[in-house]
Amino acid sequence: MTTTERTASQSRSFSLAQSDFPLAPLASGQADVLALIVDTEGPSYRPKGAGMAITPEGRRTGSLSSGCIEEDVVLHAASIRASGTPRVIRYGRGSPYPDLALPCGGGLDILLMPVSTPEARAPFIAAQAQLAARRPAALRLPLPDASGEVALTLTPDLRFLVFGKGPEARIFAGLTHLAGYPTELFSPSEETIGKAEGHPARHLVSARWPEGLQTDPYTAVTLFFHDHDWEPPILTHALASDAFYIGAQGSLRTHEARCATLADAGVPPEQIARMDRPFGLIPSARDARTLAVSVLADVLAEARIT
């Protein structure tokens, strides 16, 4: 049995972030072929379950490698489109296409499947609605010849709620936004809000959690205040929420005082212990840009183990 035949005879289950899967063009009907990594051998640039959507004109969204095979996959997509039959293609190690070797030395099994009818698009539309509501979405995609399926769980992208004022809050919110993460900035400073670039920014009129603002297990709450009197009501709400990361700017002495204030306000010790400390991976970051990178790396590291 070849590697491709072995892949096609088994079901696969993968979990990945929605940004690793080209859901929008498939749900909208702009793309009519999906290329999906269903197995890897050795090193791989992209995770199992990562996909690429291909339009009838050959435009693509998403990637499968560092650019080594995408053009060839587009060519194979034409035959999948014409036949309406899914197929698994092997690239790299053990491939029938030795001229398309992967520089990493590994192997990829790619499922190509048509998504050209309303019935085929329906699961992608349903998944898109789930993710828009900040809930995980499940996709079950059949493998060729009814030999199994690929079960995908797509999780919402990380989301950042940034509170504070001054360059630290503004630069951090700008960094996460430019990195592609949903970001909202909340500040009592009109100047800070006025310098927000491309992401939502709201004025905090008092030291309290914004009315109607929701969190979820994929939300990070970060505070960048020099006036720490703004922190207790915001932290009290955040620490009782389902946000996976909660952290605030300040020295060790500031953090200890912050914890004492929260304890005096009746916040349970187990909730106070949820605050990340230290805030960021780079010790004693003393400029806004270094702090922003430090905290973003800290949040991403936490997300990998949560």
Side-chain angles (χ1 to χ4, degrees), residues 1-41 44-56 58-65 69-70 72-97 106-133 135-156:
M1 180 180 291
T2 67
T3 303
T4 299
E5 291 170 337
R6 184 170 61 252
T7 299
S9 66
Q10 300 176 4
S11 296
R12 306 285 178 178
S13 297
F14 310 122
S15 178
L16 64 162
Q18 69 179 90
S19 56
D20 284 319
F21 192 88
L23 195 58
L26 296 165
S28 67
Q30 294 177 341
D32 62 352
V33 175
L34 169 64
L36 188 75
I37 299 175
V38 294
D39 204 3
T40 62
E41 182 179 356
S44 173
Y45 172 72
R46 302 288 287 147
K48 295 178 184 178
M52 184 174 77
I54 306 164
T55 71
R59 294 192 300 272
R60 59 183 191 261
T61 303
S63 66
L64 306 171
S65 70
I69 63 170
E70 277 78 358
D72 191 68
V73 171
V74 170
L75 296 177
H76 283 288
S79 64
I80 301 299
R81 186 177 295 115
S83 68
T85 303
R87 178 185 172 196
V88 175
I89 299 176
R90 176 76 169 186
Y91 288 99
R93 188 181 302 168
S95 171
Y97 312 111
L108 293 176
D109 289 325
I110 308 296
L111 168 66
L112 284 164
M113 63 175 294
V115 186
S116 55
T117 66
E119 293 78 10
R121 288 194 295 272
F124 301 102
I125 294 171
Q128 191 174 48
Q130 286 288 99
L131 290 166
R135 294 192 294 266
L139 278 172
R140 308 187 82 86
L141 308 175
L143 286 165
D145 303 320
S147 55
E149 66 178 9
V150 177
L152 290 177
T153 300
L154 304 179
T155 58

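Given the structure is predicted, the values throughout are model-derived calculations rather than measurements. One-based numbering along the sequence shown.
- For the pair F124/L34, a side-chain contact is recorded, criterion being any heavy-atom separation below 4.5 Å from C-beta on.
- By the side-chain contact (heavy atoms from CB on, under 4.5 Å) test, P86 pairs with L111, M113, P114, P144, sequence neighbours left out.
- Residues S15 and T155 come closest through the heavy atom pair OG-CG2, 4.1 Å.
- Listed here is the closest heavy atom pair of L154 and L131: O-CD2, 3.5 Å.
- Counting heavy atoms from C-beta on, the side chains of V88 and I110 never come closer than 4.5 Å.
- Residues F14 and L139 are not in side-chain contact: their nearest non-hydrogen atoms beyond the backbone lie 4.5 Å or more apart.
- Not counting sequence neighbours, the partners of R60 by the salt bridge (charged side-chain N to carboxylate O under 4.0 Å, His left out) test are E71.
- A35 and I54 make their closest contact through CB-CD1, 4.5 Å (heavy atoms, listed as atom of the first residue, atom of the second, distance).
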Review point. Given S63 and M52, is the side chain to side chain contact (heavy atoms under 4.5 Å, CB included) satisfied, shown in steps?
Key: CA-CA 5 Å; S63 66; M52 184 174 77; 5.6 Å; no

Practice item. Test I89 against I69 for side chain to side chain contact (heavy atoms under 4.5 Å, CB included), laying out the working first. Key: CA-CA 11 Å; I89 299 176; I69 63 170; over 6 Å; no

Exercise for review: Please test K48 against D39 for side chain to side chain contact (heavy atoms under 4.5 Å, CB included), starting from the C-alpha separation and ending with a verdict.
Suggested key: CA-CA 6 Å; K48 295 178 184 178; D39 204 3; 3.6 Å; yes

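- Partners of S19 by side-chain contact (heavy atoms from CB on, under 4.5 Å), not counting sequence neighbours, listed by chain and number: A17, D157.
- Applying the salt bridge (charged side-chain N to carboxylate O under 4.0 Å, His left out) test to residues at least two apart or on different chains, the pairs with a partner in residues 13-28 are D20-R46.
- Across every non-hydrogen atom of A53 and P25, the tightest pair is CB-CG, 3.8 Å.
- With sequence neighbours excluded, no residue forms a salt bridge (charged side-chain N to carboxylate O under 4.0 Å, His left out) with R135.
- I37 and P47 get closest at one heavy-atom pair: CD1-O, 3.8 Å.
- Counting only residues at least two apart or on different chains, the side chain to side chain donor-acceptor pair (under 3.5 Å) pairs with a member in residues 21-35 are D32-R81.
- When every heavy atom of A50 is checked against every heavy atom of L64, the shortest pair comes out as O-CD2, 4.0 Å.
- Counting heavy atoms from C-beta outward, Q18 and Q130 have side chains that stay 4.5 Å or more apart.
- Remark: T117 engages E119, A120 in a side-chain contact (heavy atoms from CB on, under 4.5 Å) (not counting sequence neighbours).
- Take T55 and apply the side-chain contact (heavy atoms from CB on, under 4.5 Å) test, not counting sequence neighbours, and it matches A31, E57, R59.
- Contact of the R90 side chain with the D109 side chain is registered, since non-hydrogen atoms from C-beta on lie closer than 4.5 Å.
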